[in-house]
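What you are looking at is a predicted structure, and each value in this text was computed from that prediction instead of being measured.
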Amino acid sequence: QVQLVESGGGLVQAGGSLRLSCAASARIFSTSMGWFRQAPGKEREFVAGITWSGATTYDGDSVKGRFTISRDNAKNTVSLQMTSLKPEDTAVYFCAAGGGVSPLRVAVRTDEYNYWGQGTQVTVSS
């Protein structure tokens, strides 16, 4: 069983930046890693994903141009650099791994991922 541990959440003012990190307990080959978020009363939403090689990334429409995902396979980590944060970005952010079956396509659905972290709270004040 692979365990994922997120870090880096917190409280930030609108317009600020945060960097989330996720460490996996083992390497999961040829699959996507991603970030999702869930605000109170809302469904879990895809934020960003990255293929095994890191050559392909995909960002959700609400974060395009503001968030950047990256991964380091040597360290079994995935990170999310968030800039120009808005109050509507407030949510619990979840790291996901083991996504999809193709090493060439970013998995974007929650049911495509096999492993999940516990989540880290991000709060953006106006």
Side-chain angles (χ1 to χ4, degrees):
Q1 184 74 7
V2 176
Q3 294 183 333
L4 304 177
V5 179
E6 301 102 336
S7 61
L11 174 64
V12 64
Q13 289 188 331
S17 300
L18 278 176
R19 184 177 179 86
L20 304 183
S21 295
C22 172
S25 60
R27 190 167 300 173
I28 310 170
F29 292 93
S30 302
T31 59
S32 298
M33 295 188 77
W35 288 93
F36 290 75
R37 67 187 182 186
Q38 190 166 16
K42 295 187 177 181
E43 292 187 352
R44 194 165 294 191
E45 172 191 23
F46 173 79
V47 175
I50 186 167
T51 53
W52 164 254
S53 70
T56 302
T57 63
Y58 185 79
D59 303 327
D61 290 341
S62 60
V63 305
K64 281 187 188 297
R66 300 189 296 123
F67 292 9
T68 303
I69 188 171
S70 59
R71 69 188 291 172
D72 185 336
N73 290 334
K75 297 180 180 179
N76 298 337
T77 59
V78 62
S79 299
L80 185 69
Q81 180 67 46
M82 305 185 294
T83 62
S84 300
L85 283 161
K86 304 175 182 179
E88 51 263 45
D89 294 319
T90 295
V92 178
Y93 283 70
F94 297 90
C95 171
V101 297
S102 169
L104 303 178
R105 186 186 73 83
V106 175
V108 300
R109 301 193 317 266
T110 56
D111 63 358
E112 294 185 280
Y113 286 88
N114 296 315
Y115 306 104
W116 293 86
Q118 293 298 309
T120 184
Q121 177 70 46
V122 171
T123 303
V124 184
S125 63
S126 58

**Asked** Would you call R44 and W116 a side-chain contact if the rule is heavy atoms closer than 4.5 Å?
**Response** yes

**Message:** Is there a continuous path of hydrophobic side-chain contacts, each under 4.5 Å between heavy atoms, that joins L80 to V106?
**Reply:** no

**Fill in**
Smallest heavy-atom separation, A14 atom then S126 atom, equals CB-CA, 4.4 Å

**Message:** Between S32 and A107 (side chain of the first, backbone of the second, donor and acceptor by atom type, cut-off under 3.5 Å), is there such a pair?
**Reply:** yes

**Request:** Examine V122 and V47 and state if one hydrophobic cluster contains both, with Ile, Leu, Val, Met, Phe, Trp and Tyr joined whenever side-chain heavy atoms are less than 4.5 Å apart.
**Result:** yes

**More than 12 heavy atoms from other groups under 6.0 Å of NZ on K64** = yes

**Asked** Rounded to the nearest 0.5 Å, how far does CG of L20 lie from CZ of F94?
**Response** 12.0 Å

**Item:** Distance in Å, L4 CG paired with Q118 CD, rounded so as to fall on 0.5 Å steps
**Value:** 9.5 Å

**Fill in**
Residues pairing under salt bridge (charged side-chain N to carboxylate O under 4.0 Å, His left out) where one sits in residues 21-39, two or more places apart or in two chains, turn out to be R37-E45, R37-D89

**Asked** Between W35 and V78, which heavy-atom pair has the shortest distance, and what is it?
**Response** CZ2-O, 3.7 Å

**Item:** N76 CG to S25 OG distance, which is reported to the nearest 0.5 Å
**Value:** 8.0 Å

**Item:** Q121, CD: over 12 other non-hydrogen atoms inside 6.0 angstrom
**Value:** yes

**Complete:** On a heavy-atom basis, the closest approach of V124 and T90 is N-OG1, 2.9 Å

**Prompt:** Do V108 and F36 come close enough that some side-chain heavy atom pair is under 4.5 Å?
**Reply:** no

**Request:** Calculate, to the nearest 0.5 Å, the distance between atoms CG and CE belonging to L18 and M82 respectively.
**Result:** 4.5 Å

**Item:** Smallest separation among heavy atoms of R66 and S84, with atom names
**Value:** NH1-O, 2.9 Å

**Gap separating the OG1 atom of T57 from the CE atom of M33, nearest 0.5 angstrom** = 14.5 Å

**Prompt:** Under 4.5 Å between side-chain heavy atoms, hopping through other hydrophobics if needed: is there a path connecting I69 to L85?
**Reply:** yes

**Request:** Please say whether more than 12 non-hydrogen atoms of neighbouring residues, nucleotides or ligands are located less than 6.0 Å from CD in Q3.
**Result:** no

**Prompt:** Residues in side-chain contact (heavy atoms from CB on, under 4.5 Å) with A23, at least two apart?
**Reply:** T77

**Request:** Identify, with sequence neighbours excluded, every residue that meets side-chain contact (heavy atoms from CB on, under 4.5 Å) alongside N73.
**Result:** W52, R71

**Item:** Side chain to side chain, R105 and Y58, heavy atoms closer than 4.5 Å
**Value:** no

**Message:** Do I28 and Y113 sit in one hydrophobic cluster, given that two such residues count as connected whenever their side-chain heavy atoms are within less than 4.5 Å of each other, even indirectly?
**Reply:** no

**Which atom of V92 lies closest to which atom of G119, heavy atoms considered** = CG1-CA, 3.8 Å

**Request:** Work out which heavy atom in D59 is nearest to a heavy atom in A48; give both atom names and the distance.
**Result:** OD1-CB, 3.6 Å

**Item:** Between SG on residue C22 and CD on residue E6, distance to nearest 0.5 Å
**Value:** 5.5 Å

**Message:** Is the shortest side-chain heavy-atom distance between S79 and R19 below 4.5 Å?
**Reply:** yes

**Message:** Are the side chains of T56 and L104 in contact, using a 4.5 Å heavy-atom criterion?
**Reply:** no

